[in-house]
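Below, all heavy atoms of this structure are taken into account, side chains as well, without hydrogens, waters or symmetry copies. Everything quoted here is computed from the prediction, not taken from an experiment. The chain is numbered in sequence order, starting from 1.
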Amino acid sequence: MRRLKILSLLLILEFAPAFVFADEIPVLLMLRRSEQVESYGSNFVDQVNALVYREITENRVKLWDSQQKEIQITGGTLKEIEKNSGVSFLSQETIFVYEKWENTKKEVVTKTLGFSFVQRNGTDEEVSFGYVDFKDLNEIFMKNKINTNANGIFSSTYTTYLLSKNFAYNIVQFAGKQVKSVGESEEIKKNYVGNLKYNTSLLGYYPPDKYVSYLIDTYSEGTDEKSENSKKLIKAIEEFFINNQEIFFNMGGDRIISHIQRNKIKVTRIEVNEIWRKVNDVLSYEPKSMTIYINDSAMNEMSQRAMGDMEILIDEMDMPAFLKNKKFNMIITKINSQSIKRQDSYLYYKALMATEWDKVIDYVINY
């Protein structure tokens, strides 16, 4: 029994350096494009490839031959590498992320050092595009929003994705040692990260939001409350424009009909863009813009302020208040960067109302 205890102690001591919690530990992550799933809200590998490629080819970010940064690769040279290898930087399957991690027992704090970009060509030969120092990307990652699908958070940036590790990844090096399998990578995550989250003190908390675009149904023939309210809105807009000719023409009406046709104004389409937020399972809505179509032609897009300034009242509510009330027929056409098919609109609306916001697509698929 005593011999077994000694052996266990020796094993613990052998592996202890890999799980020292007080110091920064060098970590190398491997991210595969094919392993990113819809629940993350975005394919982080695709998005990074596109952003970094743009910044390199427009000479705002330096690409180096390796982490040692001995030779710079210009945007023009990068395009030559693509041409000669037959491989596109944008279609890379794998990127590597160099980081340092520190477990504070309250969170795992990470510091990103840089990215390496590697691809394989048609003959399975490895093509190295080079290394980008994260110092060159830090501000760019903070300023650029990442394109997200209906599962994602609209306000997410490349930085929030990177800090929260909101992507699939495997650890391939940890504390200076090679990690030889996915199972070993998962074991390190279990032992070192556990149930802790990444960089919570830096990320803070912001209510999840989605950018939702929808049409107000102008062809509804129902007699229920939502159908009647849709008709009231259309009628109120038409009467407002007929009685306020100057405003109508200043908003782009002069491109649609002439002065002598002003009594033939017919609202045929209303497009609305909003930010939806969820706090403690309660939704709030912030109208951002609206485009009204008269006789199938678009007028100037209106801001939220312009909507309120129109002085249109529907059941004693101004336009922004009416839109926030949501008692009208709508057809969702887009959530974040994802276009929504008309036949799926109602299911996506139900998903936004009923399920967790990172499972919206799953709700629709499995309904």
Above 12 or not: heavy atoms from other molecules or residues under 6.0 Å from [atom1] of [X]?
| X | atom1 | answer |
| --- | --- | --- |
| E316 | CD | no |
| K62 | NZ | no |
| E139 | CD | no |
| E246 | CD | no |

Between the main-chain N or O of [Y] and the side-chain N or O of [X], is there a donor-acceptor pair closer than 3.5 Å?
| X | Y | answer |
| --- | --- | --- |
| S345 | R342 | no |
| N229 | K327 | yes |
| D209 | S155 | yes |
| E55 | V52 | no |
| Q36 | R32 | yes |

Could you check F322, W276, Y214 and say which one makes a ring-ring contact (aromatic ring centres under 6.0 Å, His included) with Y285?
->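 Going through F322, W276, Y214 one by one, the ring-ring contact (aromatic ring centres under 6.0 Å, His included) with Y285 is satisfied by W276 alone.
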Indicate whether any N or O donor in one side chain lies under 3.5 Å from an N or O acceptor in the other, for [X] and [Y].
| X | Y | value |
| --- | --- | --- |
| N151 | S39 | no |
| E93 | S34 | yes |
| N199 | T110 | yes |
| E82 | Y53 | yes |

Answer with yes or no after comparing the ring centroid distance for W101 and Y198 against a 6.0 Å cut-off, counting only values under it.
->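 Yes, the ring centres sit under 6.0 Å apart.
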Kindly confirm or rule out a cation-pi arrangement of K111 over F134, judged by NZ or CZ under 6.0 Å from the six-membered ring centre and within 45° of its axis?
->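 Relative to the ring axis of F134, which defines the angle, K111 lies outside at least one limit.
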Are K288 and Y211 in a cation-pi contact, defined as NZ or CZ under 6.0 Å from the six-membered ring centre and within 45° of the axis?
->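 No, K288 does not sit over the ring of Y211.
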Could you walk me through whether F117 and V132 pass the side chain to side chain contact (heavy atoms under 4.5 Å, CB included) check?
-> CA-CA 9 Å; F117 299 90; V132 175; 3.9 Å; yes
For F174 and Y192, run ring-ring contact (aromatic ring centres under 6.0 Å, His included): C-alpha distance rounded to whole Å, both residues' side-chain angles, the deciding distance at 0.1 Å, then the answer.
-> CA-CA 10 Å; F174 189 83; Y192 187 82; 5.3 Å; yes
Got a second to check how far M142's CE is from T159's OG1, nearest 0.5 Å?
->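 Rounded to the nearest 0.5 Å, the CE-OG1 separation comes to 6.0 Å.
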How long is the gap from OG1 on T94 to CD on E126, to the nearest 0.5 Å?
->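 Atom-to-atom, T94:OG1 and E126:CD are 9.0 Å apart.
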For the pair F141 and Y158, name the ring-plane relationship: parallel under 30°, tilted 30 to 60°, perpendicular over 60°.
->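 Rings of F141 and Y158: tilted, as their planes differ by 30° to 60°.
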Quick one: salt bridge (Lys or Arg N to Asp or Glu O under 4.0 Å) partners of K231, sequence neighbours excluded?
->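 Listed in chain order: E228.
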Charged N to carboxylate O below 4.0 Å: is that the case for E99 and K165?
->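 Looking at E99 and K165, the cut-off is met.
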Could you tell me whether E186 and K189 make a salt bridge, using a distance below 4.0 angstrom between a side-chain N and a carboxylate O?
->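 A salt bridge links E186 with K189.
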Evaluate the criterion ring-ring contact (aromatic ring centres under 6.0 Å, His included) for residue pair Y98 and Y131; output intermediate values, then yes/no.
-> CA-CA 10 Å; Y98 295 83; Y131 172 85; 5.6 Å; yes
